[in-house]
Structure formats: C-alpha cells, structure tokens
2 protein chains.
Amino acid sequence: MNHDFPLLRYDGAVSEIPPPSDRPPLRRDAERNRRRILTAARGLIAERGLGVGYEEIAREAEVGVGTVYRRFPSRDGLFYELFHDRVDAVVGILEEALAVEDPWEGLRRFMRRDFELQASDRGLREFMLGGADSTELGRRSRGRIQPLVAELVERARSAGRLRADVGQGDIEIILAMVGGLMDASVRVDPDLWRRYLAMVLDGIQSGDRHDELPGEPPDQAEVGRILAGWARPRRGQGRPRDPEAPARAGPQSETGS
Amino acid sequence: MNHDFPLLRYDGAVSEIPPPSDRPPLRRDAERNRRRILTAARGLIAERGLGVGYEEIAREAEVGVGTVYRRFPSRDGLFYELFHDRVDAVVGILEEALAVEDPWEGLRRFMRRDFELQASDRGLREFMLGGADSTELGRRSRGRIQPLVAELVERARSAGRLRADVGQGDIEIILAMVGGLMDASVRVDPDLWRRYLAMVLDGIQSGDRHDELPGEPPDQAEVGRILAGWARPRRGQGRPRDPEAPARAGPQSETGS
DNA sequence: TCAAAAGTGGAAGTTAACTTCAACTTATAG
DNA sequence: CTATAAGTTGAAGTTAACTTCCACTTTTGA
C-alpha cells in the first residue's frame, strides 16, 4: 500500500510531492508512447471533456488501443497524470488570494483566477466539478482546497465585505453554477462568464456598490448558440428525419373522444 | 403542409390552438395505448430528463417498443404532446408578470414562477434550455416567449430598478445558469435554487437593498451530493475496479530519465 | 358476421462505444 | 549477439442502447 503519502505542511495541507517510484522504469519505447498518450489525451480532454474514449485517444496518439489500456488500466490513473498539477495550481491560487491584503479582493481574485484556469480546459472543469469525488485525487484535492476556501470566506465575512448570510458552501455552489455556464459559453464567447461572475459577486457582497459588468449582454443569436450547446441529454433528438409530419405530431386535443 | 398554424393574437404572439386534426381518429385500443405511453413518458421524463429510452417508456407503459415507435416516430412528436401545454403555462406566467404593477416585482415574479414550474420536471427544464431549438415546438416557443421577456426587461429597466447594463439576453442566460444548478440540486434540496436566484437578482437590481437570502448555505455533505450529481460526462469513470493500484497511477515524476 | 384496415409485440438487425487477449515486435542485460 | 522480459497491436468479444419489420391480433364498418 504505497499510494498514500501525505506530507504535512505548514498549515496542515497535504503536499502532492510524488514518492520515489518503486516500479522498474519503463522501457524507452514505452515511455515515449506514454508521453504521446498523455499529450493526445490532454488535448482531447481539454477540448471535449472527460468522456473522450480510449479509442480516440489511441488514434490521436498514433498508438494501439491496447497500449492505452496497458498504461492506464483505469481512467483514474490517466486523470491523475493530467490533473494533479492543475490541482496544485488551484491551491497556489488560493494561497496567493489569501495573501492579498483586502479580504474581499482576495475572494474575488480567487474566483476569477480559478475560472481563468478552467476556461481553457473542459476536462479540468468536469474534474473539479462532479468528477472530483469519484477519484482518489479528486477526494484529496477537495480536502486541500476546502479549508483554504473556508478561510478566504471567513476573512471576507469578518471584514464585513461578504454578506453575513453567505457561507463557504455557497461559494462552492457558485463556482459550480458559473462553471456550468462556462461549459456552455466558452466556445461562443470565451469571456462571457466574467459578466455573470460579476453579477453574482455583486449579489453576495454587503456593500451597496456595483462594479460595472464586463462585456455586453449577449444578443439573440449568441444566446441561441449558447443554449444549443448546454449539457445535452444522450443521443440526438433533433436528427433530420423524413419530412413526413410525425404521426400526430401535429397537435391533437387530448379530449378527442 | 398543414403543420404550421399561427393565429395572430393581440400582440403578435402566436397562439397554440390546435387545428382540427385531418387524420382519421385512432382506433380505440390505439388511443388507449397512446394515452398509456404519454403517461409513462411524462413520469419518466420528468424524473430523468429527455434522454430516457423508448424501450423503457414501453416497459413502463406495458406496451411493445414497436407501438411507441409507431405512435411517435420521432421524439419531436412525443415532446410536442408532453410540453406544448407547459409552454402555454410559461406564456401565462409571463402575461401575469407583465400585469404586475411594479415592474421589478414583475420580473422577479416571472423568474420565480418559471423555476417553480420547472422544479418538478427535469424534462421540461432540458426542453426549455437546450432542446428547445432542435424542435418545431421549441423554436415556436422561443418566438412566443422572447418578446414578452424583452418587454418585462424593458419595463424594469425604465423603472430604474434593473441595472441599465443588463439586457434581455442576460436574463435568458441567467435562467439557464440557475436552471443548470437546479438540475443538480433539486433532488438534494428542492428549494436551494431560490437562494442563488436571490443572489443573482440582488446582483442585477440597481437599488442598493439586499433581500434576505432564502434557506441556509449548504453544508459540506450537501455540497458533495450536489456536485456528485452535476451533469455527468458519458460512461462512469469511477467504477469500482480491481483494488490493484492502476499501473503508475501512483504519481511518477514526468522528469523520470 | 366477416373481410379489410389498423394496430401490436418483440425478436433480430444496427450502431457505437468499451475491453480483452494472444500472436507478434522491440529493448535491454549479460 | 541473443535470450528474455516488456511492450505493442488490432481483431474479436461484450454491452447497451436504438430501430425496423413482419407474423399475428383487434377493431371497425358494411
């Protein structure tokens, strides 16, 4: 059992320094392939999310599927390699935010930087959101991140800049909520999330001052494209079909005898 | 081509009054089955979203799959039957909201009532969000709803209660954003959305007064359950696997020779 | 009552992933 | 240089939907 290696740090947070590997090193070709797989996976997952298939990763990496399975028998191993440094980055952002003098500014800064980090990587977004708890890394990450967020919230509240009725849990929900919007909108307008983050921040601060909203309200066409990309259910449901009107798709009163 | 039957109404909106069906009436058994299918579909889709399969609907309706396909060759026809009256309800809510004297109160009321309507029906939520534009009904619905929302927004802004830099498109995005949260959280806490809607409303009003936030901040366990249910990617990715550490899932420095 | 039209059911075909594995290839150590 | 362990591959098996089709049943109207 060597896969738990918490090293205590100054504040009780757990460091992510990897232990010396105890397995024999990979063969040279294997190492090369491993690198290719990670590169391919990084790109595909950043683009399309955690769901991309091994077959596609293999194709992109110019490697057989079997190789991908051999190297990463479970997706957790792959996600570990792809995201552990990103988690470190988030922790870094949190520490920086805690170092900011003005507590409200610190909280704002954290949220903004966190979203900036996630903006370019859909996989990271999904990992941080829902995927987090199904993975060893995910659970550990939450353990590192939560106390820092709690501290940030506590500071902002004590300083009187955060509404007293807003708690740590609210911040996490807000991150998820705006993150969900980001998922749908980044491709249409990469900075739109800033606008809605600003609205929510205005809603949870206790001062009465509004910052100006960044960007412009999206126009109809933009809204349409954003909604069209919102978390689809499974298979299509708008496929082009034969032009025949579907049987009784034309309205028919339920009261027909 | 008889499946377009816009009847002009007072404000140019399109009425949804069904035309007399020109097809021969269904046989008695067919009508009975059609009813069963709709009932089953209504329940399943409200519970689990637009993605439920025909096989499952058939099982629930105690009918063969073939029957479901015969009656609803495309999902659009099914969605039409399930949702056209819900769209009418939304339009009704909008009209009521426009009749409220205080424009800001009207806007608030619309959003609240709209969410209350959607809270109990995940399928409706998905239909109103993304699914809307892939369907004849969806497109028509947007056409009816948008001008009313625009009017509501215009009123609230003229009255000076809505920030001047908030547009109609923003309201639609906010509906989608909070709707996404609702998707993830209704099962855990059916009223949690009210809290975040309140925050956003506070963020977009121009007065400096905050309403009290409904509910309490979710605690850690609650946040965990909510995030766990957030729009999953495709297949599981946290399946229980053999307890062996995945090959090199244990961290290994990328710098290994 | 009975023939025709309408409707039904569900097995079998289709699609699109995911995963395994046994024959083959390559790096490495001696 | 060679034996061997490590690694690679992609075809074939598996799973879980979706959809079609036709032999059979039910309703209807003359």
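This one's a predicted model, so the numbers in the text were calculated from it and none came from an experiment. Convention: sequence-line order gives letters A, B, ...; per-chain numbering from 1.
Rounded to an integer number of Å, the gap from B:Arg71 CZ to C:dT8 C1' is 10 Å. Summarising the geometry, the separation between CZ on A:Arg70 and P on D:dT9 is reported as 11 Å, rounded to the nearest angstrom. With rounding to whole Å, B:Arg59 atom CZ is found 9 Å from D:dA17 atom P. For the pair B:Glu62 CD and C:dG10 P, the computed distance is 11 Å after rounding to whole Å. In this structure, B:Asp29 atom CG and D:dT28 atom P are separated by 7 Å, rounded to whole Å. Look at CZ on B:Arg34: it is 16 Å from C1' on C:dA6, rounded to the nearest Å. At whole-Å resolution of the value, CZ in B:Arg36 and P in C:dT8 are 11 Å apart. When the P atom of C:dT8 is taken as reference, atom CD1 of B:Ile37 falls 7 Å away, rounded to whole Å.
Closest to the side chain of A:Glu55, from the set C:dT19, D:dG7, C:dT8, is C:dT19.
To the nearest 0.5 Å, atoms CG (B:Leu124) and CG (B:Leu50) are separated by 9.0 Å.
In this structure, A:Gly66 and A:Arg28 both approach DNA chain C, and ranking their closest nucleotides by distance from the 5' end singles out A:Gly66. If you find the closest nucleotide of DNA chain D to B:Arg27 and to B:Tyr69, the one lying nearer the 5' end belongs to B:Tyr69. Comparing B:Arg32 and B:Tyr54 along DNA chain D, the residue whose closest nucleotide (by nearest heavy atom) sits nearer the 5' end is B:Tyr54.
A:Asp88 and A:Arg144 are joined by a salt bridge, as a carboxylate oxygen and a charged side-chain nitrogen come within less than 4.0 angstrom of each other. Contact check on A:Glu47 versus A:Arg187 returns a salt bridge, with a Lys/Arg side-chain nitrogen under 4.0 Å from an Asp/Glu carboxylate oxygen. A salt bridge between B:Arg140 and B:Glu136 is present, with a side-chain N of the basic residue lying under 4.0 Å from a carboxylate O of the acidic one. Under a 4.0 Å N-O distance rule, the pair B:Glu60/B:Arg36 does not qualify as a salt bridge.
Contact annotation: A:Thr67 does not reach the phosphate of D:dG7 (side-chain N/O to OP1 or OP2, under 4.0 Å). Remark: B:Asn33 is not in phosphate contact with C:dG7, judged by side-chain N or O atoms under 4.0 Å from OP1 or OP2.
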